[in-house]
Amino acid sequence: MADHSTNSAQTAEAGKGYWQANLRLIYISLVIWALVSFGFGILLRPLLSSVAVGGTDLGFWFAQQGSILVFLALIFFYAWRMNKLDAEYGVDEE
């Protein structure tokens, strides 16, 4: 009986660690996405206007295309990292 409760406690602790790692990854991704889309595209646009990219300034480029490309890169990064995290905690798909 004690072995069952110990195993259950270990499983609960592993699940808690898995979700903490998952949430940390989500929070980091959201901060990067907000910084690129809102920060570079809107707030820091005057500072980035002196850098030319494709015939326009860098702030406008981030607002129009850069934030979308970074968002797509974050999707692929999140999927890749979650696959590694799933394998690490033994909940990966076979």
Side-chain angles (χ1 to χ4, degrees):
M1 184 73 175
D3 184 39
H4 178 66
S5 64
T6 303
N7 190 20
S8 178
Q10 289 174 344
T11 304
E13 190 64 32
K16 185 178 179 183
Y18 173 78
W19 282 108
Q20 285 178 343
N22 185 6
L23 288 175
R24 183 173 45 247
L25 182 61
I26 290 171
Y27 293 146
I28 290 170
S29 297
L30 284 174
V31 166
I32 291 170
W33 179 55
L35 177 68
V36 169
S37 63
F38 187 71
F40 290 168
I42 298 172
L43 296 177
L44 298 176
R45 183 164 182 220
L47 296 174
L48 299 173
S49 64
S50 62
V51 180
V53 172
T56 187
D57 64 276
L58 187 61
F60 181 77
W61 183 84
F62 268 114
Q64 295 302 310
Q65 295 175 350
S67 60
I68 296 169
L69 294 176
V70 170
F71 182 66
L72 289 173
L74 282 172
I75 290 171
F76 286 108
F77 171 75
Y78 178 79
W80 170 76
R81 185 64 183 110
M82 280 306 297
N83 284 334
K84 286 182 68 173
L85 194 65
D86 289 349
E88 182 180 326
Y89 283 93
V91 293
D92 55 336
E93 297 175 358
E94 295 183 36

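Values in this document were obtained by computation on a predicted structure and should not be read as measured data.
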Where at least one partner belongs to [range], residue pairs that pass salt bridge (Lys or Arg N to Asp or Glu O under 4.0 Å), sequence neighbours excluded:
range	answer
residues 64-80	none
residues 25-44	none
residues 26-38	none

Extract all donor-acceptor atom pairs below 3.5 Å that involve side chains of residues 67-87 and protein atoms in other chains or at least two apart in sequence.
unit_1 : atom_1 : unit_2 : atom_2 : d
S67    : OG     : F62    : O      : 3.2
Y78    : OH     : N22    : OD1    : 3.1
N83    : ND2    : A79    : O      : 3.3
D86    : OD1    : Y18    : OH     : 2.6

Which side-chain N or O atoms in residues 24-32 pair as donor and acceptor under 3.5 Å with protein atoms at least two apart or in another chain?
unit_1 : atom_1 : unit_2 : atom_2 : d
S29    : OG     : L25    : O      : 2.9

For a quick test of your reading: what N or O donor-acceptor pairs under 3.5 Å do the side chains of residues 49-61 make, sequence neighbours left out?
unit_1 : atom_1 : unit_2 : atom_2 : d
S49    : OG     : P46    : O      : 2.9
D57    : OD1    : R45    : NH2    : 3.4
D57    : OD2    : R45    : NE     : 3.4
D57    : OD2    : G59    : N      : 3.3
D57    : OD2    : F60    : N      : 3.1
W61    : NE1    : Q65    : OE1    : 3.0

